[in-house]
Amino acid sequence: MKIITDERCTGYGQPGYPERPARVENTIALLKSQTELALDFARPTSVTDEIILRAHTPEVLARLAVPEPIDEDTPYFADIATYARASVAASLDALAAARRGEMVFSLMRPPGHHALRTKSMGFCFLNNIAIATLEARATGAKRVAVFDFDVHHGNGTEDILVNQAGVEFFSVHEHPSYPHTGGENRGHNCFNYPVQPDTPRLTYRAKLANAIDDLRSFRPDLIAVSAGFDAYLRDPLSDSPLLEEDFYWLGQSFRALGVPFFSLLEGGYSKDLPELIFAYLKGVAGK
Ligand SMILES: [Zn+2]
């Protein structure tokens with residue numbers, strides 16, 4: 001399995017900011033020390049403005065160079081444009097690997113699924129998964145499904161992909177919760193599965209299974225997964241109930257669809273994040 005990552009993506013952060021460098025540092029350490037999965041680590045390549053601008057207005061790119069906070073969750077960091085572009089590049093590399101039939105995970109930060117067409121927000125600067133989805137469509141994929149299991153609604157992905165031909169978006173998330181969207185479906189292609197805070201674990205899991213069934217009926221030829229690990233019971237940013245074995249089951253469920261897929265790291269803020277990602281990867285690998 002290919003892991004696209006770059007230790008340089010841990011080069012930004014600030015005290016008290018939950019989307020912290022240790023998320024990726026500790027995961028790289030765990031993945032390099034384990035022996036159950038054969039992993040091939042690759043650094044991301046690069047991305048052109050043209051590809052980014054399918055999903056965002058030019059103002060979003062220009063704003064990354066302005067040294068002022070965008071919102072309270074999305075401060076300015078020196079060189080954030082470079083970090084954000086590397087994360088996008090990794091998503092495109094993951095897309096390419098999936099198309100070659102490889103198993104692949106992009107282990108990068110910043111995450112992307114809250115970034116709107118016209119504005120960065122919620123720890124997210126550029127929408128990695130939406131950019132990769134539009135690239136897939138522009139280069140021959142006929143039916144692309146995007147599945148988002150981060151505990152927060154993928155509002156940015158929905159904003160960019162709503163009513164795009166050949167794309168369906170499925171988001172399972174705690175609601176009401178940040179960013180306070182995703183209570184109902186949008187357009188002809190965005191399907192939301194809100195789950196109340198403090199929902200019992202098996203109910204949450206049944207909702208995920210419903211969404212995967214709906215994805216299957218779309219008959220996608222490619223699947224892009226926004227893999228957030230913050231629906232975990234001990235995550236500080238949610239009131240949701242999932243356990244490590246549920247992330248294993250998610251990986252297994254995507255594998256069982258028999259369609260090329262790639263996954264990108266979104267959220268996940270507990271100290272157990274490395275174990276949760278590892279469990280997911282074992283599911284993806286069918287171990
Ligand atoms: Zn999240």
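In this chain, numbering begins with 1 at the start of the sequence shown. Whatever order the structure lists them in is the order used to number ligands and atoms, beginning at 1.
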* **Within residues 6-32 or reaching into it, pairs that qualify as ring pair (Phe, Tyr, Trp, His ring centres under 6.0 Å) - sequence neighbours excluded** =>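 Qualifying pairs, neighbours excluded: Tyr12-Phe77, Tyr12-Tyr83, Tyr17-Phe77, Tyr17-Phe123.
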* Would you list the pairs meeting ring pair (Phe, Tyr, Trp, His ring centres under 6.0 Å) in which at least one residue belongs to residues 87-115, sequence neighbours left out? =>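 Found His114-Tyr178.
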* List the steps, then state whether ring-ring contact (aromatic ring centres under 6.0 Å, His included) holds for Phe147 with Phe261. => CA-CA 10 Å; Phe147 194 97; Phe261 72 101; over 10 Å; no
* When you measure from the centre of the six-membered ring of Tyr280, is the NZ or CZ of Lys282 under 6.0 Å away and within 45° of the axis? ->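 No, Lys282 and Tyr280 do not form such a contact.
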By atom name, which N, O or S atom belonging to [X] lies closest to the Zn ion (ligand 1)?
{"X": "Asp230", "answer": "OD2"}
{"X": "Asp150", "answer": "OD1"}
{"X": "His152", "answer": "ND1"}

